[in-house]
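Comments concern the structure below.
Labels below follow one simple rule: chain letters A, B, ... track the order of the sequence lines, proteins then strands, and each chain is numbered from 1. No experiment lies behind these values; they were computed from the predicted model shown.
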Amino acid sequence: NTQTNSPGDEPAAPPPTKKLPKVTIGYQSMINPWKVGIQSGSIAKATGHEIEWRKFNSGAEVITAMASGDVHIAVAGSSPIATAMSREVDVSLFWILEAIRDNEALVARNGSGIQSMADLKGKTIGVPFASTTHYHLLVALEQNQIDTKDVKILNLQPDAILAAWTQESIDAAFVWSPILNRITPTGTVLLTSGAIADTGKPTFDGMIVANAFAKENADFMKQFVKEVARLDGDYRDNTAAWNADSAQVKAIAELTGADPAEIPTIMGQYHFPDPNEQIGEFWLGGGAAQALRDTAAFLKDQKKINTVHEDYGRFIMTDFAASLVDQGEPTP
Amino acid sequence: MASHEVKDPLNRRYSQRTTLIISAVTTLAMLLIWWAATALGWVKPLFLPSPQTVVQRLGDLIDTGFADATLWQHTLASLFRVFSAFLLAVLTAVPIGILMGIHDFAKGLLDPVIEFYRPLPPLAYLPLIIIWLGIGEVAKVVLIYLAMFAPICLSTRAGVRAVAREKVLAAATLGASRLQIIRHIVLPGALPEILTGMRVGIGFGWTTLVAAEMVAATAGLGFMVLNAKDFLATDVVIAGIFVIGIVAYGFDLIMRGLEHWLVPWKGR
Amino acid sequence: MASHEVKDPLNRRYSQRTTLIISAVTTLAMLLIWWAATALGWVKPLFLPSPQTVVQRLGDLIDTGFADATLWQHTLASLFRVFSAFLLAVLTAVPIGILMGIHDFAKGLLDPVIEFYRPLPPLAYLPLIIIWLGIGEVAKVVLIYLAMFAPICLSTRAGVRAVAREKVLAAATLGASRLQIIRHIVLPGALPEILTGMRVGIGFGWTTLVAAEMVAATAGLGFMVLNAKDFLATDVVIAGIFVIGIVAYGFDLIMRGLEHWLVPWKGR
Amino acid sequence: MSRIELDKVSVVFPASRHTEAVTALDKVDLLLEAETFATVIGRSGCGKTTLLNLLAGFLAPTAGKVALDSQPIHGPGVERGVVFQKNALMPWLNVADNVALGLTFAGMPKQQRQDRVGTCLDWVGLSGFANHRVYELSGGMQQRVGIARALAADPKILLMDEPLGALDALTRESLQELILELWQKAGKLVLFITHSIEEALFLGTRLIVMTPRPGKIHKTYDLSFSKRFLAGESARSLKADPDFIALREEVLEVIHPRGGDHGEP
Amino acid sequence: MSRIELDKVSVVFPASRHTEAVTALDKVDLLLEAETFATVIGRSGCGKTTLLNLLAGFLAPTAGKVALDSQPIHGPGVERGVVFQKNALMPWLNVADNVALGLTFAGMPKQQRQDRVGTCLDWVGLSGFANHRVYELSGGMQQRVGIARALAADPKILLMDEPLGALDALTRESLQELILELWQKAGKLVLFITHSIEEALFLGTRLIVMTPRPGKIHKTYDLSFSKRFLAGESARSLKADPDFIALREEVLEVIHPRGGDHGEP
Ligand SMILES: Nc1ncnc2c1ncn2[C@@H]1O[C@H](COP(=O)(O)OP(=O)(O)OP(=O)(O)O)[C@@H](O)[C@H]1O
Ligand SMILES: Nc1ncnc2c1ncn2[C@@H]1O[C@H](COP(=O)(O)OP(=O)(O)OP(=O)(O)O)[C@@H](O)[C@H]1O
Ligand SMILES: [Mg+2]
Ligand SMILES: [Mg+2]
């Protein structure tokens, strides 16, 4: 009988069919509903397993750790996921955590003299390398016929972007919330990821799982997805209740270090697909594979990776998301 | 050199106590400047929080902690890593160093390996270590271990080479076997340099700690500082640096004391 | 110790040439194992790419580069940083070290500062440096500079203290002024240890390079390795490590040559 | 027993990158019987240490035979004790443990070991210093510890390479007398290298004078000053003896001829 | 000129954490006139070096007055040259530059400097070694460089602290003779510390015998052996002279009494 290590939990709900070693799940500090499940222990409780949560600072770290085999399930942006798959890391995408829309944007600093994309030439732009915003920045530059050699792109993690922005050592930045929200008051949004996504180059944050683990622990995976979907659903249905004073937002704030007051706004910028959307054409049903392939092709152009696979569909597992739909859950 | 104190036309020597007092005064003066700089608003708190804030933060860190662990837990996690690595390093580097000092064959065999990896930045091979060994304690300890291994091993080798040939020959004429020579002559003879190597090694270990705790740690002083940096919590960063500095300095003192105690003949 | 070669009951010494040959053979053997491990599929290319891939990658890096700069540009950027820091460090640490060696007052003044920051991991204070100095070259050079300063300064101090009192007294009886003693006796007398400090310092500099290039670099060997790691380009990581290793080793050789040339009396 | 025989022994150090080949010993014949006190003198580089290294087993001859009691010498052995000029005491052991070293290696039981060490320390006049750290002793006392250590292992032969070279004149004289007394007591075969002609004359029953390039034994003398000293004559009067002074002149003339250079390259 | 006067000079080293206070010199009176060759002897710790340090200006007396030509001594000065036992040559300079050191400090022009260095190297018999590295020389040659360096600055007084203590017997004798010849040539006031009674007797015109705890001058002797040597007598016969041997006995008795311990703590 496996005990969970989450605070205040009861004996595991559905008894596991097979004794499972501790499951290691990696997360990042993006702001989304399932963080509540981490913090409150509801995910551990729902799956009935001891879960070791590991926080990573970037998608690149996540995929390195996945490659080593120490992490079973993790969250990463579409760009690092495409890299991992192209590099034959044995993982599959099984859940779209959020479609990236307005919560990632390219912002020009007031006083930098940048009014439009064309003004970026000769300017310094900060972006966390190997992230979804890095990918989108390069796409945006290409779409605006700006050579990467004509701009200075600096590898800055979000916290360094804020510091550099304050010191006026960068002219623009392509970054996500909460840092995005901190810099927009003193800048102009040139482009959001949503706008780029609409040109057919969407980015998203997804959950990936080690294939061997997924095969051997299908039950766990189903319970896990179910709980994540439940939390997403709760947010969608009761958005107003997830206000700054709510227990949920406090839990998220505690885990990510974000200011509770900002959290409702930031979450509002995301779109969290429901199970039907998950398996639909636009995401796991086909769109995600296409987006990953596009991303990979782009990275190969940039000489960051060597190979682009013909079909990224083989790296996508729809079963777990589909299991929710089959049971008619959870869309009311 | 004799310790005879003669009037030196160059050096102006003070007593050890005077030097200590000067040091204490300097330290106080620096704290004062820091306090003034923040109290008078010369620098923004984001850049440099006031000493009071840092001290208060330290109190908080001890009571309630940061990033899900108290200061004590962070320190313990780091101590555990540095120590396991140190133990492993001593247990492997000393015998290998002795072998390299004795056998030119072992030297030829291992020199290229050690000389090549020694100057490499741990951060450069950290990605490889993570891919190979994962994100658990093993990878962290190995990274610190590697940083410690080279100095301990090379000092041991140098120490063995520095053992006066007369000592070894004397033991041989007194009927010592090869093993007895190693056990009774080479090991104690090289001890001063082995201890120096251990001291340098433990210093390297602390320097590598933050790198080791950069990826997927859940506690540790380095993790705490990095985590604080992500949230621009400069006060925690500074408090963390102080704690690391004090612990590292404490170790250095312990190692020096150990030297003093174990090899009182050093330099005589 | 005399160089008289007598039958030693312990050491089995080979000629220097034999040792070199053993080293060469070891190196070859390691390459062979590496090749075999990858060719026979014992390890996945993601974990350890084959030697051929790495060599090919090196070729690519030289021709077309990685992360918008050729290998040559990356190397140059890193060399520039390490060198500027080195120059700065030598120009400041040597005079300060001499002062600390001569004046107990200077020693008392600076000792607490140096002793406190010396054991700190550069990665720990990197966030502060960035907050204070921004993300430009200055911050990078300062980080490397700080890593170099302590060893050069402390070696210089030790070197000054080790200058035989007889030499200083002799100069005084020959009518030397304080400045002449420093210029003609103390500086050359401490030179062997200053050079050792410089060698250690440059080693520390290379070790700190990757940390310095972690934030906001657009070129540099450390940047290249970090960037490659982000895309799981293990071949570039390994190629980068090789280049860093070779450059660092090259520097060590140059510094040793310099020692040999400038202080031929060392150890006599 | 204990008889050393050198039969046409040569030692040639091969040329290296920086040095030419050196013939340190050239077809040297020598025969030393038990109870001899042989002193060896000769200018720097004439092969004295090389000779001692051969006997100690630290060095193998390039040609010729080195034998102890008709058995060829291969490597060091407990029957040949060596007293070095310096650096040969172990600073991590106290005086008693240093002296006991050979006994420890041989696995002698503790009680027996302590007795033997006590006796040996008595001989060299250091009974009260058993628990002292060796680096706290003066140079002369350190040399006495070295001698006691060699004696403790009870070797048949005692080889000493300038054992008193680093001591000041006064300490040196007192140790010379001590060594003679110990030699008389134990009756060992001693080979004693020195740079001081006076010392060589005063101590030896057999004086071996060597010359360099190539290293050769120039001449040997049979002496009786040490026996006269042990018989009761004072060291001071012996050294003022006309025979002593005449021999001193003669040997000096050989190793440091008038008008030649002064022993320096 | 050049007259050294010590008037009730005491030197007390205060107690430290590990040591008690030491009275290194206790109310010492001494008067040395120009052209004197003063040799100082006494067992270890009797204050010889302390005496020299006072004269060199390396040390100030705790009580009493130290004067050169009636002027109190404050610190080192070029009129008082010092020859150390070792470690005092600069390995980064060649032989000529070492000898020229004092002249360089004084800012003497190059040509003049070279001439003077040539002369001094000539005196000590090292003309051919001007461009050698000092660490390539033998110990004896290094001491000659040290002497040449001190002479080059043309001091009125030459202070030497066991300058020959680290040399082997043969080299030592040749340097003793050299020093005497130089003394005769230059006519300086020399203070020469040694551990060897023979050396002290042979070299000095004035022998100062010191005793320790507290450091005192026990007795001084006026000697003439060095003058006889310079007048043509051989060193060997002088050292065999009954006067020489008798004095040797007498001094030995003072600093190393029969039946006492052997000069060791
Ligand atoms: N700086 C010092 N501090 C304390 N004691 C000292 C100092 N210098 C010398 N002494 C003590 O003063 C006494 C005289 O010392 P000094 O060096 O003059 O003796 P010395 O006659 O030159 O001996 P040696 O023959 O060993 O050179 C000794 O007991 C010594 O320990
Ligand atoms: N290992 C060696 N390799 C080369 N030459 C050597 C070696 N050992 C000794 N020699 C040379 O052999 C000669 C004799 O050396 P040895 O040490 O026996 O002289 P020594 O008489 O003991 O001199 P000293 O009085 O200086 O101790 C010297 O010319 C020396 O340089
Ligand atoms: Mg020898
Ligand atoms: Mg002295």
With distance as the sole test, does [X] use its side chain to make a donor-acceptor pair with the main-chain N or O of [Y] at under 3.5 Å?
{"X": "C:Arg161", "Y": "C:Gly101", "answer": "yes"}
{"X": "B:Trp132", "Y": "C:Phe47", "answer": "yes"}
{"X": "B:Thr53", "Y": "B:Pro49", "answer": "no"}

request  = Could you tell me which portion of B:Thr26 (side chain, backbone, both or neither) has an atom closer than 4.5 angstrom to a non-hydrogen atom of chain C?
outcome  = side chain
By a 4.5 Å heavy-atom criterion (distance strictly below it), what part of [X] contacts chain B: side chain, backbone, both, or neither?
{"X": "C:Leu221", "value": "neither"}
{"X": "C:Ile185", "value": "neither"}
{"X": "C:Phe204", "value": "side chain"}
{"X": "C:Leu123", "value": "both"}

task = Return the option, out of B:Gly108, B:Ala24, B:Ala211, B:Ala29, with the maximum number of heavy-atom pairs under 4.5 Å with chain C.
result = B:Gly108
key: chain C interface, residue from B:Ile130, B:Ile244, B:Thr208 that has the most non-hydrogen pairs under 4.5 Å   = B:Ile244
Pick whichever of [options] has the most heavy-atom pairs under 4.5 Å with chain B.
{"options": "C:Pro127, C:Gly203, C:Ala171, C:Ala124", "answer": "C:Ala124"}
{"options": "C:Thr207, C:Ile21, C:Leu226", "answer": "C:Thr207"}
{"options": "C:Pro119, C:Ala248, C:Pro112", "answer": "C:Pro112"}
{"options": "C:Tyr249, C:Phe251, C:Phe242", "answer": "C:Phe242"}

message = side chain to side chain contact (heavy atoms under 4.5 Å, CB included) for B:His74 and B:Asn227? Distances and angles first, verdict last.
response = CA-CA 12 Å; B:His74 286 306; B:Asn227 208 274; over 6 Å; no
Does [X] reach the side chain of [Y], with side-chain heavy atoms less than 4.5 Å apart?
{"X": "C:Tyr117", "Y": "B:Ile241", "result": "no"}
{"X": "B:Ile96", "Y": "B:Arg157", "result": "no"}
{"X": "B:Thr234", "Y": "B:Val54", "result": "no"}
{"X": "C:Val236", "Y": "C:Val225", "result": "no"}

